Amino acid sequence: IYIHLYALDKDVVDGAGKMPIETGKRDKSFEFRWGGILHDKNLSVLNEVSSMIKSYGGHVYELPRSADPMDSAYMFVPDWRHLSLDGHKVVATDVSALVTDLASRVGYSKEKAYLGTWGEGDQCNTWFHSGYVNLKFTGGNLVGMPTGHRSRPLMFAINFREGGTISINNDKKYPAPVLLSFMMKKNDFPKVEVTINSKTVVVDPSSSMDRFVMRTVIVGWAKTGPNVMKITPISDFVTAFRVAGVHLCGACVEFSDSVDLDVREFLG
């Protein structure tokens, strides 16, 4: 079962077409409607993933959307991004009912039920929340960024002012795509060249939003064994380039027919 959620502050817009994440307005007294670039992208992802899940005989659950977005606000805490206790109850109740329904259908049996495999799996290395970096790096320093939330006051990233390197080890049987998580905010951060195994791509962290946003993109390939990623700033900046995580996706190679176009381009 694939569970698809959304964030209210990214999925609605006001009369001027602005999202709460842009304006900071998170008040039910304002008039909002479903829409916006991120709303459309969310639905696009839902359609693509649903098609893949269903092709394997899976099922899809989507967090409910009321006709009036403000009737769905009770499912979120005041930041309109994370689920509230009521929101968690909605998901738990609905998914439980779906599982019960599926189990009652003709042809289902525990003997036929089985767990699948994530194949070559993935290696997710992130220090965004913990501040703990489990990869070796040079030329950078770990920095904490205020969140404004009392429960989690800081987010963390590695600051690369003059450039540097991050070492990663691919424990898969074959080369795997490398994904880089980095911070974005207006034009604060520099464009950088990212080089892995003699192949270089340019990463642009500019954003339309005047707040910290994390983005993850594919930047190259990691051969089996040790690899070194080199990061080099190539433009002026207000704030040094900040890396929040590095990931390898071995499963992307195995399931390449089902992943998105960007991944297939790297798979050749």
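From a predicted model like this one, the values you see are computed outputs, not experimental measurements.
Side chain of S50 to backbone of N47: no donor-acceptor contact under 3.5 angstrom is found. The closest donor-acceptor contact from the side chain of S51 to the backbone of E48 lies at 3.5 Å or more, if one exists at all. Within the 3.5 Å criterion, the main-chain N or O of A244 finds a donor-acceptor partner in the side chain of T126.
Looking at N197 and N227, their side chains do bring a donor and an acceptor atom within 3.5 Å of each other. Side-chain N/O atoms of S29 and D27 include a donor and acceptor closer than 3.5 Å.
For the residue pair M229 and V178, the shortest heavy atom distance occurs at CE-CG1, 3.6 Å. Closest heavy-atom contact between F30 and M70: O-CG, 4.4 Å. Between M183 and A157 the shortest heavy-atom distance is CG-CB, 4.3 Å. Nearest approach of G17 to E22, heavy atoms of both residues: O-OE1, 4.5 Å. Considering every non-hydrogen atom in both L135 and I168, the closest pair reads CD1-CG2, 3.7 Å. Of all non-hydrogen atoms in S66 and S72, the two that sit nearest each other are N-OG, 3.0 Å.
Here OG1 of T216 is found 7.5 Å from CZ of F182. Values are rounded to the nearest 0.5 Å. The distance from atom OG of S198 to atom NZ of K230, rounded to the nearest 0.5 Å, is 11.0 Å. Atom OG1 of T224 is separated from atom OH of Y174 by 9.5 Å, given to the nearest 0.5 angstrom. A distance of 11.0 Å separates NE2 of H129 from CZ of F156, quoted to the nearest 0.5 Å. Rounded to the nearest 0.5 Å, atoms CE (M75) and NE2 (H88) are 12.0 Å apart. Note: N159 CG to T239 OG1 = 8.0 Å, rounded to the nearest 0.5 Å.
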With a cut-off of 3.5 Å and sequence neighbours excluded, list every side-chain donor-acceptor pair involving residues 3-13.
residue: H4; atom: ND1; partner: Y2; partner atom: OH; Å: 2.7
residue: H4; atom: NE2; partner: N42; partner atom: OD1; Å: 2.6
residue: Y6; atom: OH; partner: P64; partner atom: O; Å: 2.7
residue: D9; atom: OD2; partner: R26; partner atom: NH2; Å: 3.3
residue: D9; atom: OD2; partner: R81; partner atom: NE; Å: 3.2
residue: D9; atom: OD2; partner: R81; partner atom: NH2; Å: 2.8
residue: D11; atom: OD2; partner: H39; partner atom: ND1; Å: 3.3
residue: D11; atom: OD2; partner: R65; partner atom: NH1; Å: 2.6
residue: D11; atom: OD2; partner: R65; partner atom: NH2; Å: 3.0

What side-chain donor-acceptor pairs closer than 3.5 Å can you find for residues 185-194, not counting sequence neighbours?
none

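In D236, the CG atom is not crowded: 12 or fewer heavy atoms of neighbouring residues, nucleotides or ligands sit closer than 6.0 Å. Heavy atoms from other residues, nucleotides or ligands lying under 6.0 Å from CD1 of I1 number more than 12. For K223, the NZ atom counts as densely surrounded, since its 6.0 Å shell holds more than 12 non-hydrogen atoms of other residues, nucleotides or ligands.
The same ILVMFWY cluster, assembled from side-chain heavy atoms under 4.5 Å apart, contains both L63 and V95.
Taking 4.5 Å as the limit, some side-chain heavy atom of N170 sits within range of a side-chain heavy atom of Q123. Contact annotation: the side chain of V217 approaches that of R215 to within less than 4.5 Å [non-hydrogen atoms, C-beta and beyond]. At least one side-chain heavy atom of L46 sits less than 4.5 Å from a side-chain heavy atom of V60.
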Would you sort out whether V91 and Y61 count as a side chain to side chain contact (heavy atoms under 4.5 Å, CB included), showing the intermediate values? CA-CA 9 Å; V91 174; Y61 168 80; 4.3 Å; yes
Just do the side chain to side chain contact (heavy atoms under 4.5 Å, CB included) check on L98 and L102 with the steps written out, would you? CA-CA 6 Å; L98 176 58; L102 294 174; 4.1 Å; yes
Could you check T232 against T195 for side chain to side chain contact (heavy atoms under 4.5 Å, CB included), going step by step and ending with a plain yes or no? CA-CA 8 Å; T232 307; T195 303; 5.9 Å; no
Does the side chain to side chain contact (heavy atoms under 4.5 Å, CB included) test come out yes or no for K18 and K25, once each step is laid out? CA-CA 10 Å; K18 296 291 187 179; K25 297 177 182 177; over 6 Å; no
Between F137 and W127, is a ring pair (Phe, Tyr, Trp, His ring centres under 6.0 Å) present by the stated rule, with each step listed? CA-CA 13 Å; F137 64 92; W127 39 90; 7.5 Å; no
Does the pair S206 and D204 meet the rule for a side chain to side chain donor-acceptor pair (under 3.5 Å), with working shown? CA-CA 6 Å; S206 61; D204 182 0; 3.0 Å; yes
